[in-house]
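The next block holds one structure in the form of structure tokens; read it before the comments.
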Amino acid sequence: MAIQNSTNGQPKAKLDASKLVVKLAEQLKPLPVPETMTFGQTQTDHMLIVNYDPEHGWGTPEIKPYAPLVLDPMSSCFQYCPNVFEGMKAYLGPDGEPRLFRPQKNMERLARSAERVALPPFDGDALLVLIKRLVEIEKRWIPNKPGYSLYLRPTMIGTRPALGVAASDAACLYVVVTPTGPYFKSKARGISLLAVSESVRAWPGGTGGHKLGLNYAPGFAPQREAAKKGYEQILWLFGDRITEVGAMNVFAIVKRADGALDAFTPPLDGTILPGVTRSSVLSLLDAHTKGKSLLPGVPASQKIYTHEIPITMSEIKVWSDEGKLLEIFGVGTAVAVAPVGRIGYQGWDEEVVLPQHDGGLGPVGKGLFDHLMDIQSGKVDFEGWSVPVV
Ligand SMILES: *Cc1c(COP(=O)(O)O)cnc(C)c1O
């Protein structure tokens, strides 16, 4: 990483994990009953925070009691939205120690997101050291139950206290964590999707390929409209092409005449968020087909060929009519793998209804879900993806 000089000619400080100051809470909060938690609504005891100012660069990282931020009302984060975030999880391993899943990928993506909205660069390795320390300190918040984990939300916001429309030369990087359980509670069936093309989540040359806060608010009103029509999530389209399901990447499993399967997901053309789960699912499907690591419950002889190519609504309809469309599922950190049950679309006379399975997931989705859970919780190793925090 290039070291920039500040206005007084002194090199600006890099993010330095060895400077960490830890101030523990005097009183710890009571732990919630895991089954009653709603996603993202539990505040734990501590947070990580470090500020960047244009004069000195990165300041002293602190792990301190969870508390509100105090910001100048002119801060650019409130005005022009140079706000970026990550979503990752810590899982308890069989040894009772927390583990992260491919965390380097989140650090790299956060750095790319920050660069896209001209926020200052940071050292991803240093941030990961700090995050591991936070997870270690908040370990008691990880429910020791299958399917539960600690969701981590690294966030970086522009804090330049001025109204001029310009890049924020000051920033606040913080990480909050929250215990989380199975995302779609006891849902034994697939989610319903309304395919929407009038509102567009992402477009060529836009910012959909980055995890920027500004990509999400424009989806809230369409999501509310979809809910009024009885659909749980939006299937985002660009023209006739499907792009993502809510805030998840999407896969379609289609049967060939010879019994082999094709797994389609849209390519990373800038309109698709490059999900860590998406990339992992592609690798796990390839590993199964090459016989390197089998998906639980999927026969070793079952070939599944992956394709990163556009999928259109017309194709979905044709595959469904011909009985070849076996599964559609969304993938992302929060849910791992979420089955789709039915899709409604203005251009169609009737909904496309996917084959129904006990528990919602079809054989491929279930195999991926179980395999991911085993890898993430450290029960099974796959290419060193699961990393202990200590
Ligand atoms: C975060 C996100 C995903 C999933 O990414 P993961 O790294 O797998 O969690 C997919 N789509 C959108 C729009 C997202 O914000």
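All residue numbers in this chain count up from 1 along the given sequence. Order of listing sets the numbers, starting from 1, for every ligand and every atom in it.
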Are any of the N/O atoms in [X] less than 3.5 Å from those in ligand 1?
{"X": "Val276", "answer": "yes"}
{"X": "Asn106", "answer": "no"}
{"X": "Glu244", "answer": "yes"}

Next on the checklist: Below 30° counts as parallel, above 60° as perpendicular, anything between as tilted: where do the rings of Trp58 and Tyr52 land?
Outcome noted: perpendicular
Checklist outcome for this item: heavy-atom search around atom 8 (O) of ligand 1 in the protein gives Thr277 OG1, 2.6 Å
Checklist entry - Where is the nearest protein heavy atom to atom 1 (C) of ligand 1: which residue, which atom, and how far? => result Lys211 NZ, 1.4 Å
For [X], take its heavy atoms, then give the atoms of ligand 1 lying under 4.0 Å from any of them.
{"X": "Asn249", "answer": "10 (C)"}
{"X": "Thr333", "answer": "6 (P), 7 (O), 8 (O), 9 (O)"}
{"X": "Gly275", "answer": "5 (O), 6 (P), 7 (O), 8 (O)"}
{"X": "Arg109", "answer": "5 (O), 6 (P), 7 (O)"}

Item to check | Qualifying residue, where the test is side chain to side chain donor-acceptor pair (under 3.5 Å) with Arg99 and the options are Ser386, Ser149, Ser377 | outcome: Ser386
Next on the checklist: Using a 4.0 Å heavy-atom cut-off, which part of Met248 comes near ligand 1: side chain, backbone, both, or neither?
Outcome noted: backbone
Checklist entry - Judged by non-hydrogen atoms, does Arg201 sit under 4.0 Å from ligand 1? => result yes
Checklist entry - Among Ser279, Ala247, Gly332, which one has a heavy atom closest to atom 3 (C) of ligand 1? => result Ala247
Next on the checklist: Just to be sure I'm reading this right: ignoring hydrogens, which of Phe101, Trp236, Tyr216 gets closest to atom 15 (O) of ligand 1? Compare them by their nearest heavy atoms.
Outcome noted: Tyr216
Checklist entry - Within the distance-only criterion (no hydrogens, no angle test), does the side chain of Glu62 pair as donor or acceptor with the backbone N or O of Val50 below 3.5 angstrom? => result no
Checklist entry - Hey, are Asp240 and Ser314 close enough side-chain-wise for a donor-acceptor pair under 3.5 Å? => result yes
Item to check | Pair Glu232-Ser192, side-chain donor/acceptor within less than 3.5 Å | outcome: yes
Next on the checklist: Checking side-chain contact (heavy atoms from CB on, under 4.5 Å) between Ser168 and each of Val117, Ile157, Asn83, Leu119, which is the one that passes?
Outcome noted: Leu119
Next on the checklist: I'd like to know if Arg201 and Glu244 make a salt bridge, using a cut-off of under 4.0 Å between side-chain N and carboxylate O.
Outcome noted: yes
Item to check | Ionic contact status for Arg140 with Asp45, cut-off 4.0 Å | outcome: yes
Next on the checklist: To check you understand the geometry: which heavy-atom pair defines the closest contact between Cys81 and Leu214, and what is its length?
Outcome noted: O-CD2, 3.7 Å
